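These numbers were taken from a predicted model, which means no experiment stands behind them. The chains referred to below are lettered A, B, ... by the order of the sequence lines, with proteins before strands, and numbering in each begins at 1. Side chains are part of it too, since the values below use all heavy atoms of this structure and drop only hydrogens, waters and symmetry mates.
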Amino acid sequence: MRHVVTQSDAAQSKPLSEQVLLILVSLADKPRHGYALMRDIELLTDGRVRLTTGTLYGAISRLVRDGWIARFEQEDTSRDKQAYRLTTVGRRQMELEMNRMKKLTRTVIARLKPEEAK
Amino acid sequence: MNLNRAYSLVLLLYPKEFRQTFAAPMLAAYQEAAKSTHNSRPASLRFAVAELKGLLAGAAVEWTVRFSYRLSHSGEYTSAEGCLANPVLMLPAGVSRRYESTAGAAMSGDAGLVDEEGFCPNVRQLYAIASPTRRLAISICQGFVPVYHQLVAHRRS
């Protein structure tokens, strides 16, 4: 077996940025195009995060390059409305991030409990 | 000048490859998002300013990414005139530095670099396991070729 470390392996230890995580979460249930992603992320965060097109497509280009998301081909989709879907690698990264966040949450709760007991 | 035209012009700041792939979807997304903010003038203005800032920052990031990728993947990190890849500076994509340093161990056969498809070292590992004569040849080639080309250019001028 070749010892080649892929980008996805290397990224496993790094926490994802909020924007990347939100894009992955937004694509988790179904493929979406750019504007639909912007709207969905705004809804997910109750309007707190509003991605601009520059930020969104910069992140999309890197996620496509890393193989975390892929172009979703639809018969009726014009070039202007390219949709993207989450890949297996992307789903795995999202799960890793969720596990990291759960672990952190557990740690925070455990540390807050003694304070609450006082 | 309308805002769509201005947006298209700012998109020209992005690298050509990025524009070819994403300019049309970006413009479409911008147009749809702009429609939803047309109900009030302050909101439209805030949206336009945010988009402009996002585009400028995005273009800067894309050029930075593109420049760093060039440095680590193109001939700029190989020896002049493309004689041989510079084994000291070149880090092949997808190979961690940890495995870069296993060439010595590979010689003893315990580094796992030999698989069913055969021996598969990278350029740095090849340099590390090369015979002294071959290393000398690589070093001479890397040192001499740039000097040789400078000499030729000097004589011609």
Starting at OG1 of A/T53, measure out to OH of B/Y7 and round the result to the nearest 0.5 Å.
-> 2.5 Å
Answer with yes or no whether the hydrophobic clustering places A/L44 together with A/Y84; edges join I, L, V, M, F, W, Y residues whose side-chain heavy atoms lie under 4.5 Å apart.
-> yes
So do the side chains of B/K53 and A/T55 get within less than 4.5 Å of each other, counting heavy atoms only?
-> no
Spatial distance of atom OH (A/Y57) from atom CG (B/L55) [nearest 0.5 Å] = 12.0 Å
Which of B/Q31, B/E32, B/K35 passes side chain to side chain contact (heavy atoms under 4.5 Å, CB included) with A/Y35? Answer is B/E32
Do B/L11 and B/L56 share a hydrophobic cluster, counting only Ile, Leu, Val, Met, Phe, Trp and Tyr and linking them when any side-chain heavy atoms are less than 4.5 Å apart?
-> yes
Bottom line for B/A50: the part with an atom under 4.5 Å from chain A's heavy atoms is both
Which pair of non-hydrogen atoms, one from B/M26 and one from A/G54, has the smallest distance, and what is that distance?
-> CE-CA, 3.8 Å
Please check if B/L3 and B/V49 belong to a single hydrophobic cluster, counting links between Ile, Leu, Val, Met, Phe, Trp and Tyr side chain heavy atoms closer than 4.5 Å.
-> no
Can you name the nearest heavy-atom pair linking B/A29 to A/G34, along with the distance?
-> CB-C, 4.4 Å
Looking only at B/A57, B/A59, B/G54, the option with the highest number of non-hydrogen pairs under 4.5 Å against chain A is B/G54
Cluster question for you: counting only ILVMFWY and a side-chain heavy-atom cut-off of under 4.5 Å, with indirect links fine, are A/L37 and A/V49 together?
-> yes
Are A/R62 and B/E62 within salt-bridge range, i.e. N to O under 4.0 Å?
-> yes
Heavy atoms only: give me the nearest A/S61-B/F22 pair and the separation to one decimal.
-> CB-CE1, 3.3 Å
Is a donor on one side and an acceptor on the other found under 3.5 Å between the side chain of A/Q82 and the backbone of B/P25?
-> no
B/F47 portion near chain A, given a 4.5 angstrom heavy-atom threshold | neither
Correct closest heavy-atom pair for A/R71 and B/T21 would be NH2-CG2, 3.2 Å
